[in-house]
Amino acid sequence: MPKPTDLLQGTLDLLILKALSLGPMHGYGVLLRIEQLSREALKVPQGSLYPALYRLEHRGWITSELGVSENNRKAKFYSLTAAGRRQLEAETEQWGRLSDAVALVLGASKVEATS
Amino acid sequence: MIGRLWRALATTLERRRFEREMAAEMADHLERRTEHLVREGLPRARAERQARLEFGNPEALKEACREARRLDLADELARNLRHAARIFARAPGLTVAVAATLGLGIGANVAIFSLVDAVLWRPLPYPDADRLAIVETRLRSPSGSMERSRRHDGRTWEILETGVRRLDLAVFSSWPAGANAVAGETVEHLRVQRVGAGFFRVLGTAPLLGREFRAEEDVPGGPALAILSHGLWQRRFGGDSRILGRALMLRGEPHTIVGVLPEGLRTSVEADLWTPLRPSTSGEGSGSNYTIVGRLRPGVSWAAADAEVGAAGAALTATAPAELELRLGVEPLQRGLGREVRGRLLLAWSAAWLVLAVASINVAGLLLAHAARRTREIATRMALGGSPGAILRQMLTESLALSVVGGATGLALGAGLLELLRALAFEPLGLWQEVGIDSRALAVVAGSAAASVLLSGLYPALRASRLDPRAARCASGIRVAGSSGSWRRRALVAAQLAVVAALLVGAGLLARSLWHLQGLEPGFDAEGVVAASASLEDARYGTAAEVDRLLETVAERLRRDPGVAAASAALNLPYERPLNFPFAVAGDADSRITDLTYVTPGYFETLKIPLVRGRRIDRRDRGTTAPVALVNRAFMRAYLDDRDPLGARLRIAEAEREIVGVVADTPQQPGWGDTEPLAVRATVYVPVAQASDDFLRLVHGWFQPSWVARPAMPETDLAGRLRQAVAAVDPQLPLARIRTLEEVRAQALARERLQAALAAFAAAVALLLASVGLAGLIAASVSERRRELGIRLTLGASRLWTVRAAALPGLGAAGAGLAAGLPLALALVRGLRAFVHGVGVFDPVTYLGVAMALLGVAALASLVPALRVLRLDPAETLRTE
């Protein structure tokens, strides 16, 4: 398995938003979901998760409330807000453009560089 | 952003819950991880350990989470503040200019606000102050307006005291007095107020020690008692708790101390001690020397109280003609006290707001110029990724920092200004409470500082944040002629000058009005003249003969004194409020009204009122000889068509009198239907010896005659001699008041002086601010146009021409400001009509003067910075950028 790539803070935010867009979840669940969706390629360092969640909540993109998890345990569940949904769309688009640009550069041949 | 602020606040407040939830969440996470690992086959103990290792240091994590909640806002604020501090350190001129400008505007505002607040709005410092009432006499003057008088005589008090149940009434003397007090070896002059029994009970205050005066003590001939103020008790008696029963020598008589008041209590004057009023219906009580206040009893409405007082006072007012609508009534104390000065104070406060507006516009201009100079810095920051919102927030933070500085300066200046006002102006206002900078004033300071800076900073901030970085970088430095933003600054300065023009017009009109009033030809020589008045509404002075004897004998005694140059007596003095009386010119059926006063022989000589025609009143005019009268020039003009009055006959005061002389005019306070505080009015003088008994009894119910004396040498203690002379002739007759004529005049004009001073101050501050703004504008313009001006100089323009070109925008702005300001002034000046005397509100001299002053100051403010052009080296400006 390739080494899990390091994640920039902004990218982590994007992934968390996406994970929550699929349904409300508690912190550990978000971690698992990202792992699953990336087919184990992305392992979120546990030390970054909660600060990121708190920060996203502070900016109003996700919200939390106490709920009951599947095995009847009390836990804090996070969900996406309307503003968060909009932010997700915007950042997804930005990410797409960025990765296209990077791909262009990386795919350039020597000829293109000098013309 | 509001959401974030809110959440940060919520986190701080609900700290414990936040911590609990966070801890629970972490614990929950660890459990799930452990479960996960156990499911994958690890033994529980190892799973737990691994989960904890993966998690990392929980404390560090918690700290990171805490920061995530507060991080954005607080960190950004701290960064912005540090940046702001750096910016202002590099531009000390700006900081000082803004601080000074705002300081002046806010300072003026807070000082005047404190004054207005204390008089009109702040509740009086007594319990349930809205149940306190003051008794007044209302009458409708010939001009149709309602006049109110708050001074009453002893008979009114007697009637109300017995007849009114719905109010708890108390009486006190309208005139504070000073007295010399001896305690031990020290003699001190103290402020004394005389109050009736129950006065402090009505106010709602109980003495700290002892008691107040009882009804049975507060009678003529009662015991000599005193109640001390807290300050006096501490100062003179060291707070001695055994003070009650000790004696204090006051006016040569020992007064027993029966009570001490709590700290901070003050009444309508700042008194050191209180003595019993001893209200009576004779002597002082026969004149209008008492003020009556009361407290509504529980459950009584204002309408009911007013009705009862009116009914109880009906006996007094029944004899008056019906068209006067004379009646007694009650009004809430604070409203009644503020009524007279309300208009003036609100006017002053409006002026202060205008000054603040001018100051804010100045600050806006300064910040705009400052932001223009920082285009480069802002453009760079935006290129590096700063959002417009971040730039906006930063500039607003800078504005906030400035507002704090400006507010602090304003507070300091305001406190100083308040002290100045206190020295100049508090007397005429008759304040019942302390005026100082309290929490309400602080709120005003904070509010106005924040509002003015934020408003003035908002526009530059918005402009800065909408900057197009590329355009800004390219455009800077290559501007050759003018700049797009400067017209806005010029418009701002023009707006300021318009406001200044309006303020100057107002101040100019008030100043001219005061000048007119003070310059009113006194018509006599007031230097050193002292007047002592006494009330003659007394059974012993019911006939003209007795009155004449008293007045003449005292005057004679005074004349024999070598320290007295001349003495006599009269019913009304110049600058006082005169008696209005009906008269008819012999042969005319019409009855008209004039001022009337009686005098003793030698009056005109005592006051040195010039004689214009004929002769003065002298000893020849007795009750047995032909009735005579003197008139003044105003009377001649008004009623005799300027014909030769000598020999004309008037029916006045129950006799047909021959006019034997004409004297010069002297100003009087208004009677009914007048609005001018002082004016020359038609007056008739008659000898007291030729007045009828009925006439004297009538007028002595309203007025107290005065003796006047002129000193032979400046150091003569006329007051003492007057007292002695009166006491020698009639020891039972107390003197109501002793004043110099200068004091009488000053009192008559006190309010006008206050108003003119306030207006002049506001206008001067505004003018200063506007000039500074204008100078700044020209300075900035010269800076911007260095290249253009340098080129012109190279091309051969004379230095003079260049200076003029540099200064011209300033004059243009001034012209525009004047053009806008004069119509503004014309519109606003209607409100001043009631306060301006002797000149019309559209007086062309004032407007012309204002225009010239404004243009002159603007020219100066434009020229000084424009002179920098002379230092321009043309070659250098072409080379540099």
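In the text below, chain A, chain B and the rest are named by the order of the sequence lines, each starting its count at 1. This one's a predicted model, so the numbers in the text were calculated from it and none came from an experiment.
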Contacting moiety of B:M22, where chain A heavy atoms sit under 4.5 Å: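 Looking at B:M22, backbone and side chain both touch chain A.
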Please report the interatomic distance CD(A:E57) to SG(B:C65), rounded to the nearest 0.5 Å.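 So the gap between those two atoms works out to 10.5 Å.
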For the atom pair CG (B:L30) and CD (A:Q46), what is the distance rounded to the nearest 0.5 Å?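 Answer for the CG-CD pair, B:L30 versus A:Q46, is 7.5 Å.
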More than 12 heavy atoms of other groups within 6.0 Å of B:E40 CD: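 Correct, the count exceeds 12.
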Check this for me: A:K76, atom NZ, are more than 12 non-hydrogen atoms of other residues, nucleotides or ligands nearer than 6.0 Å?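 Above 12, so yes.
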Could you check whether any side-chain heavy atom of A:H26 comes within less than 4.5 Å of a side-chain heavy atom of B:H29, counting everything from C-beta outward?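 Not in contact.
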Who among B:K62, B:E31, B:M26 has the most heavy-atom pairs with chain A under 4.5 Å?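 If we count pairs closer than 4.5 Å to chain A, B:E31 comes out on top.
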Decide yes or no on side-chain hydrogen bond (donor to acceptor under 3.5 Å, both in side chains) for A:Y54 and B:E25, but give the supporting numbers first. CA-CA 12 Å; A:Y54 276 50; B:E25 194 175 11; 3.1 Å; yes
Side chain, backbone, both or neither: which part of A:L32 has a heavy atom under 4.5 Å from chain B?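 Contact with chain B: side chain only.
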